[in-house]
**Student:** 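If you scroll down you'll find the structure; I have some questions about it.
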Amino acid sequence: MTFTLIKNRARARFNENLTYLNYLTSLESNDATIPATTELKIMKGLFYVHLYSSLEKTVNDLIENTLISINSQSIKKKHFHLPFNTISLLGKLQAFKDCGYKNFFGKAIEIFEEMNSDSVSNINETAFSNSLQNVCKKTIIEILSAFGITNFTIDPRTRTTIDEIVEKRNAVAHGRESATYVGERFRTTDLRIKMNTITAFTFELIDLFENYHDNKKFIKPQSKKHYVATP
């Protein structure tokens with residue numbers, strides 16, 4: 001699997017955001033004391049929706065394609081790195097969650113037996129589809145933990161920006177606030193800073209998963225020898 005296609009798609013989406021933002025900048029007066037037109041306020045408010053959609057779609061593409069590739073490698077369940085069992089044993093975990101008290105121990109035993117099984121895991125690439133319908137800081141951190149990625153830190157500025165993008169997008173998309181109200185509070189220079197932060201973070205995330213995938217970090221270190229590519 002190559003992550004080039006994911007990067008190209010992400011670049012195309014963020015280029016659309018940039019084109020839209022450049023147009024908004026051309027409509028905005030250099031004099032900050034001159035009020036923006038209602039039309040410009042609306043478009044600036046909608047920019048949050050547009051930017052968030054680029055983030056959400058790219059994260060969805062990234063996670064789903066990573067899982068598709070891992071699934072295609074026919075990894076035995078007993079060879080997965082421990083945290084990745086959250087994903088590889090998702091079906092068993094869901095059954096355990098839904099079972100009654102009478103089935104508690106039986107379902108628990110099944111989970112631990114599966115963790116040491118020689119059978120090949122069948123991973124569902126849509127495992128996170130419900131969570132990824134509303135990508136936010138919390139969602140991203142939970143997904144990283146499920147993959148066993150612990151060496152990645154989201155800096156405070158990026159965390160704040162992600163939360164703001166999600167909040168403003170939801171406020172506009174769900175009608176809690178008008179696009180005019182959201183857009184009138186920011187100049188395009190502010191929006192450009194937020195877009196650059198989200199863009200940089202997204203590509204950093206892609207690079208992180210590419211490294212994770214290519215170095216087979218979802219497999220126990222001692223088990224990687226069983227999955228060395230044949231020249």
Side-chain angles (χ1 to χ4, degrees), residues 3-66 126 128-144 152-209:
F3 284 73
T4 301
L5 182 59
I6 296 173
K7 292 178 182 178
N8 288 341
R9 288 173 177 170
R11 194 170 291 112
R13 294 185 191 106
F14 284 113
N15 281 341
E16 282 190 7
N17 296 146
L18 179 60
T19 299
Y20 181 55
L21 184 56
N22 287 341
Y23 174 65
L24 299 185
T25 302
S26 72
L27 300 177
E28 187 175 62
S29 172
N30 292 328
D31 186 349
T33 64
I34 298 177
T37 64
T38 299
E39 291 81 3
L40 179 55
K41 291 176 184 177
I42 293 171
M43 288 188 286
K44 286 195 290 185
L46 292 176
F47 178 78
Y48 278 96
V49 179
H50 196 188
L51 180 58
Y52 170 81
S53 69
S54 296
L55 172 64
E56 181 186 286
K57 180 57 178 174
T58 301
V59 172
N60 272 271
D61 279 353
L62 177 61
I63 301 304
E64 289 187 8
N65 281 280
T66 299
T126 64
F128 293 102
S129 59
N130 288 335
S131 299
L132 292 176
Q133 288 178 8
N134 193 17
V135 173
C136 62
K137 175 189 65 183
K138 180 177 180 291
T139 302
I140 293 169
I141 292 174
E142 286 180 346
I143 290 173
L144 291 175
F152 183 72
T153 302
I154 306 176
D155 65 82
R157 177 178 176 178
T158 301
R159 285 173 178 246
T160 301
T161 303
I162 293 172
D163 286 345
E164 181 186 339
I165 296 297
V166 173
E167 177 191 349
K168 300 304 182 189
R169 173 264 181 183
N170 288 343
V172 173
H174 299 298
R176 293 198 303 272
E177 294 180 357
S178 68
T180 303
Y181 179 74
V182 171
E184 70 182 359
R185 289 177 282 177
F186 304 98
R187 289 184 59 80
T188 55
T189 50
D190 301 317
L191 298 179
R192 194 174 300 275
I193 291 171
K194 300 177 197 302
M195 185 192 71
N196 290 340
T197 298
I198 294 297
T199 302
F201 168 75
T202 302
F203 280 96
E204 187 178 3
L205 200 62
I206 295 173
D207 289 339
L208 177 72
F209 271 89

**Student:** Any side-chain heavy atom of F209 within less than 4.5 Å of one from I63?
**Tutor:**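 Yes - at least one pair of side-chain heavy atoms lies under 4.5 Å apart.
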**Student:** Given side chains that start at C-beta, do those of N65 and F3 come closer than 4.5 Å, heavy atoms only?
**Tutor:**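 In short, these two side chains do not touch, never coming nearer than 4.5 Å.
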**Student:** Return the OG1 to CD1 distance between T160 and I165, rounded to the nearest 0.5 Å.
**Tutor:**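 Between atom OG1 of T160 and atom CD1 of I165 there are 11.5 Å.
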**Student:** Any side-chain heavy atom of L144 within less than 4.5 Å of one from L208?
**Tutor:**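 Yes, at least one pair of side-chain atoms sits under 4.5 Å.
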**Student:** Can you tell me which residue pairs pass the ring pair (Phe, Tyr, Trp, His ring centres under 6.0 Å) test with a partner in residues 152-189, sequence neighbours excluded?
**Tutor:**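 Output for this query lists Y48-F186.
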**Student:** Kindly determine whether T58 and R9 satisfy side-chain hydrogen bond (donor to acceptor under 3.5 Å, both in side chains), including the steps that lead there.
**Tutor:** CA-CA 8 Å; T58 301; R9 288 173 177 170; over 6 Å; no
**Student:** Salt bridge check: are K168 and E164 linked by an N-O gap of less than 4.0 Å?
**Tutor:**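 Salt bridge absent between K168 and E164.
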**Student:** With side-chain hydrogen bond (donor to acceptor under 3.5 Å, both in side chains) as the test, would you mind laying out the steps for Y52 and E56 before giving the verdict?
**Tutor:** CA-CA 6 Å; Y52 170 81; E56 181 186 286; 2.6 Å; yes
**Student:** Please lay out, stage by stage, how K7 and D61 fare under the test salt bridge (Lys or Arg N to Asp or Glu O under 4.0 Å).
**Tutor:** CA-CA 10 Å; K7 292 178 182 178; D61 279 353; over 6 Å; no
**Student:** What is the distance from atom CD of E167 to atom CD1 of I162, rounded to the nearest 0.5 Å?
**Tutor:**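 Going from CD on E167 over to CD1 on I162, the span is 14.0 Å.
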**Student:** Without swapping roles, check the side chain of E28 against the backbone of T188 for a donor-acceptor pair under 3.5 Å.
**Tutor:**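 Pair found, side chain donor or acceptor close to backbone of T188.
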**Student:** Supply the atom-to-atom distance R11 CZ to N15 CG, rounded to the nearest 0.5 angstrom.
**Tutor:**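 With rounding to 0.5 Å, CZ (R11) is 8.0 Å from CG (N15).
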**Student:** Which pair of heavy atoms, one from F14 and one from L55, lies closest together, and at what distance?
**Tutor:**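 Reported closest heavy-atom pair: CZ-N, 4.4 Å.
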**Student:** How many angstroms lie between OG in S131 and NZ in K138, if you round to the nearest 0.5 Å?
**Tutor:**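 Those atoms lie 8.0 Å apart.
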**Student:** May I ask you to test the L21-M43 pair for a side-chain heavy-atom distance under 4.5 Å?
**Tutor:**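 Answer no - side chains too far apart.
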**Student:** For S129, which residues count as a side chain to side chain contact (heavy atoms under 4.5 Å, CB included) partner, sequence neighbours excluded?
**Tutor:**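 If we apply the side chain to side chain contact (heavy atoms under 4.5 Å, CB included) test to S129, skipping adjacent residues, the hits are T126.
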**Student:** Which value, rounded to the nearest 0.5 Å, describes the distance between T199 atom OG1 and E204 atom CD?
**Tutor:**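 If we round to the nearest 0.5 Å, T199:OG1 and E204:CD are 12.5 Å apart.
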**Student:** Show the nearest heavy-atom pair for residues K44 and R187, with the distance to one decimal.
**Tutor:**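 Shortest heavy-atom separation between K44 and R187 comes out as NZ-CA, 4.0 Å.
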**Student:** Within the structure provided, determine whether L18 and R192 are in side-chain contact (heavy-atom separation under 4.5 Å).
**Tutor:**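 Touching, per the 4.5 Å side-chain cut-off.
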**Student:** I want to check something: taking the side chain as every heavy atom from C-beta on, are T37 and L27 in contact at a cut-off of under 4.5 Å?
**Tutor:**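 T37 vs L27: side chains apart.
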**Student:** Is any side-chain heavy atom of N60 closer than 4.5 Å to one of F128?
**Tutor:**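 Not in contact.
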**Student:** Supply the atom-to-atom distance Y20 OH to T25 OG1, rounded to the nearest 0.5 angstrom.
**Tutor:**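 Interatomic distance, Y20 OH to T25 OG1, rounded to 0.5 Å: 11.0 Å.
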**Student:** Of the non-hydrogen atoms in I206 and A10, which two are nearest, and what is the gap between them?
**Tutor:**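 Between these two residues, the closest heavy atoms are CD1-CB, 4.1 Å.
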**Student:** Between E177 and R185, does any side-chain N to carboxylate O distance fall below 4.0 Å?
**Tutor:**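 Between R185 and E177 there is a salt bridge, with a charged N closer than 4.0 Å to a carboxylate O.
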**Student:** Go through D155 and T158 one step at a time and tell me if the side-chain hydrogen bond (donor to acceptor under 3.5 Å, both in side chains) criterion holds.
**Tutor:** CA-CA 5 Å; D155 65 82; T158 301; 2.8 Å; yes
**Student:** Please identify each residue that fulfils side-chain hydrogen bond (donor to acceptor under 3.5 Å, both in side chains) with N17, with sequence neighbours left out.
**Tutor:**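 side-chain hydrogen bond (donor to acceptor under 3.5 Å, both in side chains) list for N17, sorted by chain: H50, S54.
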**Student:** Going through the checks in order, is the side-chain hydrogen bond (donor to acceptor under 3.5 Å, both in side chains) test met by T33 and D31?
**Tutor:** CA-CA 5 Å; T33 64; D31 186 349; 2.6 Å; yes
**Student:** Hey, mind stepping through L205 and T202 against side chain to side chain contact (heavy atoms under 4.5 Å, CB included) and telling me if it holds?
**Tutor:** CA-CA 5 Å; L205 200 62; T202 302; 5.6 Å; no
**Student:** Picking from L51, V166, N196, T197, what satisfies side-chain contact (heavy atoms from CB on, under 4.5 Å) with T161?
**Tutor:**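 Checked L51, V166, N196, T197 against T161; only one passes side-chain contact (heavy atoms from CB on, under 4.5 Å): T197.
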**Student:** Might you work through the side chain to side chain contact (heavy atoms under 4.5 Å, CB included) test for I140 and R159, ending with a clear yes or no?
**Tutor:** CA-CA 10 Å; I140 293 169; R159 285 173 178 246; over 6 Å; no
**Student:** Between T139 and N134, is there a side-chain heavy-atom distance shorter than 4.5 Å?
**Tutor:**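 Not in contact.
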**Student:** How close do S29 and I34 get, counting heavy atoms only, and between which atoms?
**Tutor:**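 In terms of heavy atoms, the two residues are closest at OG-CD1, 3.5 Å.
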